[in-house]
Amino acid sequence: MIGVFDSGKGGLNVLNEIVALLPEYDYIYYGDSKNNPYGEKSDQELMKITSKIVANLKNRGCKLIVIACNTATTRCMRRLKVLFPELIFVGTVPAIKVACDKNYKNTLVLATPATIESERTEELVRDNKKEDQEIYLVPCYGLANAIETNNNSKIMKILEEIYQEYQHKNIDSIVLGCTHYPNIKKEINTYFKDIPLLDGSCGVAREVKRQLELNNISSEKIQGNIIILNNLDD
Ligand code: DGL
């Protein structure tokens, strides 16, 4: 059983990629919309929330946990690995490495404030950015929650502000550093026309496959069921 969670519906984009690659496994998905947004919470709050979810998924028989959320990955994954050494974790981080490897020169990274301010994001920039590349880190206050609650006017207002600030920076790629943002690709491209949008979900799916093989989880009795939970007490 593979457990996947996020602060709501964003992680479903990641789950789709994983299921497309590995349709024969069983999955439990938990969308924690009642605690959305994660991206504007303290580390202490995030650890309390995410460790409770992981413990619950573990009790339901999950051996591998996919943190389908950049915020929870960049702020909590290292500590969750220490708290649950018996579980395998696969996280989601902004696709900064992909942008740098593809040699884009001016990359806009859209993510939650907590992801943007994390040490993990700092590391990703430090380890991958070449001298002739610019990475603009944009903390998108309110955007994940506007997507979670289908607040279209707020989504457009936030994107308009980002566009006003970065329209003259010759942006040639945009990293979708929050799993909610693939839901608004069309809206982002209304402002930043024809600019490639990079999201890390395919890489997460490949890493899940690699970890399953590495840990011999592929040999389990499997049925291909997907359970979506809206409440952990269900
Ligand atoms: N979807 C999450 C992420 O990838 C979190 C959004 C939020 O709850 O702030 O960062």
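Both ligands and their constituent atoms are indexed starting at 1 by order of listing.
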### Summary
Within the 4.0 Å heavy-atom cut-off, what Thr112 brings close to ligand 1 is side chain
### Task
Just jot down the ligand 1 atoms closer than 4.0 angstrom to any heavy atom of Ser7, in number order.
5 (C), 6 (C), 7 (C), 8 (O)
### Message
Please verify the inter-ring angle class for Tyr163 with Tyr191; under 30° counts as parallel, over 60° as perpendicular, anything in between as tilted.
### Response
tilted
### Task
Assert yes or no for the condition that the ring centre distance of Tyr136 to Tyr166 is strictly below 6.0 Å.
yes
### Query
Is Gly10 near ligand 1, meaning one of its heavy atoms is under 4.0 Å from it?
no
### Message
Checking Thr115 against Thr112: is there a side-chain donor and acceptor pair closer than 3.5 Å?
### Response
yes
#### Entry: Residue and atom name of the nearest protein heavy atom (relative to atom 9 (O) of ligand 1), distance in Å to one decimal
Gly39 N, 2.8 Å
### Message
Which of the numbered atoms in ligand 1 are under 4.0 angstrom from any heavy atom belonging to Ala144?
### Response
6 (C), 7 (C), 9 (O)
### Message
Can you tell me which portion of Asp6 lies within the under-4.0 Å heavy-atom range of ligand 1? Options are side chain, backbone, both, or neither.
### Response
side chain
### Query
Would you say Glu40 and ligand 1 have an N/O pair spaced under 3.5 Å apart?
no
### Message
Quick check on Lys97: does its NZ atom have over 12 non-hydrogen neighbours (other residues, nucleotides or ligands) under 6.0 Å away?
### Response
no
### Message
Salt bridge check, Asp172 against Lys105: does any charged N sit closer than 4.0 Å to a carboxylate O?
### Response
no
### Query
Is the CD atom of Glu160 crowded by more than 12 outside heavy atoms at less than 6.0 Å?
yes
### Message
Measuring only between side-chain heavy atoms, which start at C-beta, is Arg79 closer than 4.5 Å to Met47?
### Response
yes
#### Entry: Atoms in ligand 1 with a heavy atom of Thr71 nearer than 4.0 Å
3 (C), 5 (C), 10 (O)
#### Entry: ligand 1 atoms in contact with Asn36 (distance to a heavy atom under 4.0 Å)
8 (O)
